[in-house]
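Report on one structure; see the data block that follows.
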2 protein chains.
Amino acid sequence: MILEKIQNSDQPLCAQQIYEEMKEALDLATVYRGLKYLEENSEISSFLLDCSERGVERYYSSFFAHHKHYMHCMACHRFTPIDTCPLGGFESLEKKTGFRIDEHFLTLKGLCKKCQNK
Amino acid sequence: MILEKIQNSDQPLCAQQIYEEMKEALDLATVYRGLKYLEENSEISSFLLDCSERGVERYYSSFFAHHKHYMHCMACHRFTPIDTCPLGGFESLEKKTGFRIDEHFLTLKGLCKKCQNK
DNA sequence: AAGTTTTTGCAACTGATTTGCATAAATTAT
DNA sequence: ATAATTTATGCAAATCAGTTGCAAAAACTT
Ligand SMILES: [Mn+2]
Ligand SMILES: [Mn+2]
Ligand SMILES: [Zn+2]
Ligand SMILES: [Zn+2]
């Protein structure tokens, strides 16, 4: 159920949002346990969002959307996906610093098209 | 005191780390209040780090280091600063999506030089 | 020194997430 | 199909970073 909800959404969802729509069927603790299980089994992936209005929440999206980046609208709080990762090769940075980069997380914030025209 | 500690550190620091070194002088709540004040007055800036070992914590660095990005070592948990922001112009992305990008946050994770050679 | 404002410590609270525990549901063995 | 065993669930309590109320302490004004 939880997996389907996430797969059928065009937006990353947080635990509360998933719970809202199934509160008659599932307890919040069960939602969290389900999300944990799904993430451990690589069916979904998550990232933290630090939103000035809504605070810090973890958002989940289906795994095939793994390593996708989003732009977060600070007005409507929706995510706009970015098709191509704007981060290119880190080779020169790695060579220069000796650091081996394994993962990167990028969050863009601003105003979506709709919210600008208001 | 808090501001000095942050300015004199080569690493972003979290509330706990700052508190550790002044626990005889300051209460943790006072540290948090100080950090809030300093950030509101743009003397420091902060970012969230989601570390698989240490959990989610907010790290603070002096404001002149604002808009700096770091690579976080997953072994020693230290930050290596990146001198030049690897993110170039978002103009084409903005034009294509209509989204207006105001801020961006980037976290790189991996293994620092030292930790690789162990 | 007395009155006023600001800062502090401490404890209680918050909100997201996790956990213990006893029960319910699903599986497997008899 | 029935009893024994395993797994999933609800609910409440715990956790953890961070915040807040409140009364006492410190700093500032008069
Ligand atoms: Mn990327
Ligand atoms: Mn940048
Ligand atoms: Zn919007
Ligand atoms: Zn390291």
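Here is how names work: the chains are called A, B, and so on, in the same order as the sequence lines, proteins then strands, and each is numbered from 1.
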Rounded distance (Å) that lies between atom [atom2] of [N] and atom [atom1] of [X]:
X	N	atom1	atom2	answer
A/Tyr32	C/dT17	OH	P	4 Å
A/Glu24	D/dG10	CD	P	11 Å
B/Lys23	C/dT8	NZ	P	19 Å
B/Leu28	D/dG18	CG	P	9 Å
A/Tyr37	C/dT19	OH	P	18 Å
B/Asp27	D/dA26	CG	P	15 Å
B/Tyr19	D/dC16	OH	C1'	15 Å
B/Leu26	D/dA25	CG	P	18 Å

Among [options], which is the nearest nucleotide to the side chain of [X]?
X	options	value
B/Thr30	C/dG9, D/dC11, D/dT20	C/dG9
A/Glu57	C/dT19, C/dA16, C/dG9	C/dA16
B/Ala15	D/dT20, D/dC11, D/dG18	D/dG18

Cluster link B/Leu87 to B/Met71, ILVMFWY, side chain under 4.5 Å: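 Linked, B/Leu87 and B/Met71 end up in one cluster.
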Shared hydrophobic cluster, B/Leu13 / B/Leu48 (ILVMFWY, side-chain heavy atoms < 4.5 Å): no
Along DNA chain D (nearest heavy atom to each residue), the more 5'-positioned of B/Arg33 and B/Tyr59: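 It is B/Tyr59, whose closest nucleotide lies nearer the 5' terminus.
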Salt bridge flag under 4.0 Å for residues B/Arg78 and B/Asp10: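 Judged by the 4.0 Å cut-off on N to carboxylate O distance, B/Arg78 and B/Asp10 do form a salt bridge.
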Which residue lies more 5' along DNA chain C, comparing A/Gln16 with A/Lys36 via nearest heavy atoms: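 Its nucleotide being nearer the 5' end, the pick is A/Gln16.
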Within residues 40-56 of chain A, residues whose heavy atoms come under 4.0 Å of DNA chain D: none
Parallel, tilted or perpendicular: rings of B/Phe79 and B/Tyr59 (30°, 60°): perpendicular
Are the side chains of [Y] and [X] in contact, using a 4.5 Å heavy-atom criterion?
X	Y	result
A/Cys85	A/His69	yes
A/Gln16	A/Leu28	yes
A/Lys109	B/Asp102	no

